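The next block holds one structure in the form of structure tokens; read it before the comments.
All figures in this text were calculated on a predicted structure; none of them were measured in a lab. Every heavy atom of this structure was used, including side-chain atoms; hydrogens, water molecules and symmetry mates were not. Note that the numbering runs from 1 along the sequence shown for the chain.
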Amino acid sequence: MAYVNTYQPPPPPKPAYGLHGPVPYDINIAFPLDFTQLETPRLKLVPFIPSIHAAKYHAAIPDPAHFYRYFPVSGIEDPESYLLFMDAFVRQNPHNVLLAIIDTTTPDPNHPEWGGVLAGTVALIDYSPTNLSVEIGALCILPAFQRTHVTTHAVGTLLKYCLTTPCASQSESGLGLRRVYWYGHPDNEPSLRLATRMGLKREGTLRWTWVLPVGKLGKTPRKNDPQEGPGRDTVIMAITWEDWEDGARELVTTQMARVE
């Protein structure tokens, strides 16, 4: 039986931008984002630009190890490592984008040009123009803004933009996706409750989806496993265009109208 193997290793990744990157900052995305649609009377989403947002973001996290405890990677507790990771994982992939969450109900006297104060980050990950789907991820609400309107408005704004059809009306237009999904740590109950409250449905648990870094809390692997780190399951939740048109749109609107 004759066969060949012509595999060649992929080329090394492009050099990361580093801590801040050039000006103007290239967000490098391959799908349309209309930022006029990514805001409400209480919040807006803008590109996360390290030279503008990073210092404020990191200064607002008193305990990074606790803040990132559910992330399946380690080493991002350090600001420099975080920015290098996000550059490699998000900016260099044209189907990902990291957004800064600006709470427009609270002014920042040090940055009046922002129109509000930095409240966290959220990302669109693995946008697929072929399958009309995307993941909402990297949702990191800064401690001072947790249990406020910020989380609901950030997620609700993205759901509306992702699931609204292009030019649905004179005032609303979106990507027209068929599916928006959410991956959660099984122990991160606040994240899973939030997804449920925003209309996403639990579809199941993907078992042993991650090999975690050594030292992270997780499942013990088998004896003589090829990898040393523990494992982790992932809960998958999603909302589809059918859900959206069958009441989820109204649910999200109601949640965003609540006074918190």
Side-chain angles (χ1 to χ4, degrees), residues 10-17 21 24-40 43-50 71-73 85-101 120-140 153-184 191 194-195 198-204 206 209-210 234-249 251-253 256:
K14 297 178 182 179
Y17 261 6
Y25 185 81
D26 180 10
I27 61 174
N28 186 43
I29 57 172
F31 56 97
L33 279 183
D34 181 354
F35 286 98
T36 66
Q37 300 289 327
L38 295 180
E39 58 181 284
T40 75
L43 174 146
K44 65 180 178 180
L45 305 176
V46 299
F48 184 92
I49 302 175
F71 272 50
V73 296
F85 172 79
M86 285 299 176
D87 184 86
F89 175 67
V90 179
R91 193 197 64 81
Q92 293 194 40
N93 184 334
H95 296 111
N96 298 344
V97 63
L98 183 65
L99 303 170
I101 303 169
T121 66
V122 66
L124 293 178
I125 301 172
D126 288 337
Y127 168 80
S128 172
T130 302
N131 294 314
L132 295 177
S133 64
V134 76
E135 176 191 351
I136 293 178
L139 179 63
C140 295
H153 277 245
V155 174
T157 297
L158 283 180
L159 288 175
K160 283 189 172 185
Y161 186 67
C162 290
L163 293 164
T164 298
T165 55
C167 300
S169 68
Q170 290 186 342
S171 61
E172 290 189 350
S173 182
L175 296 174
L177 302 184
R178 297 179 181 180
R179 172 183 172 83
V180 178
Y181 54 98
W182 181 290
Y183 288 148
S191 172
L194 169 65
M198 299 304 290
L200 285 87
K201 298 178 180 180
R202 184 164 180 160
E203 295 184 334
L206 305 177
T209 50
W210 287 94
T234 296
V235 175
I236 185 165
M237 305 184 72
I239 185 171
T240 70
W241 72 269
E242 296 164 311
D243 301 325
W244 188 247
E245 295 187 1
D246 192 29
R249 180 195 289 113
L251 173 65
V252 168
T253 300
M256 295 174 68

- request: Taking the side chain as every heavy atom from C-beta outward, state whether F48 and L99 have any atom pair closer than 4.5 Å.
  value: no
message: Is the shortest side-chain heavy-atom distance between L124 and I29 below 4.5 Å?
response: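 L124 vs I29: side chains apart.
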How long is the span from the [atom1] atom in [X] to the [atom2] atom in [Y], to the nearest 0.5 Å?
X	Y	atom1	atom2	result
Y127	L177	OH	CG	6.0 Å
H153	L45	NE2	CG	11.5 Å
E245	L163	CD	CG	9.0 Å
L194	L200	CG	CG	8.5 Å
I125	L98	CD1	CG	8.5 Å
E135	R179	CD	CZ	10.5 Å

- request: Kindly indicate, with the supporting measurements, whether the criterion side-chain contact (heavy atoms from CB on, under 4.5 Å) is fulfilled by V122 and V155.
  value: CA-CA 8 Å; V122 66; V155 174; 5.6 Å; no
Which atom of [X] lies closest to which atom of [Y], heavy atoms considered:
X	Y	result
F71	C140	CZ-SG, 3.5 Å
P47	I27	CB-CG2, 3.8 Å
L251	M198	CD2-C, 4.2 Å
S173	C167	OG-N, 2.6 Å
Q37	S171	NE2-O, 3.3 Å
P32	Y161	O-OH, 3.3 Å

- request: Fit a plane to each ring of F85 and F89, take the angle between them on a 0 to 90° scale, and name the class: parallel (under 30°), tilted (30 to 60°) or perpendicular (over 60°).
  value: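 Parallel, since the angle between the ring planes stays under 30°.
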- prompt: Are S191 and W182 close enough that a side-chain donor and a side-chain acceptor fall under 3.5 Å?
  reply: yes
Can you tell me if [X] uses its side chain to pair, donor with acceptor, with the backbone of [Y] under 3.5 Å?
X	Y	answer
N96	D126	yes
Q92	M86	no
D243	A248	no

task: Decide side-chain contact (heavy atoms from CB on, under 4.5 Å) for I239 and C162; before the verdict, give the C-alpha distance in whole Å, the side-chain angles of both, and the deciding distance to 0.1 Å.
output: CA-CA 11 Å; I239 185 171; C162 290; over 6 Å; no
query: Passes side-chain contact (heavy atoms from CB on, under 4.5 Å), K160 versus T253? Steps please.
result: CA-CA 9 Å; K160 283 189 172 185; T253 300; 3.5 Å; yes
message: Before you tell me yes or no, could you show the steps for F31 and V97 under side-chain contact (heavy atoms from CB on, under 4.5 Å), namely the whole-Å CA-CA distance, both residues' side-chain angles and the distance that decides it to 0.1 Å?
response: CA-CA 10 Å; F31 56 97; V97 63; 3.8 Å; yes
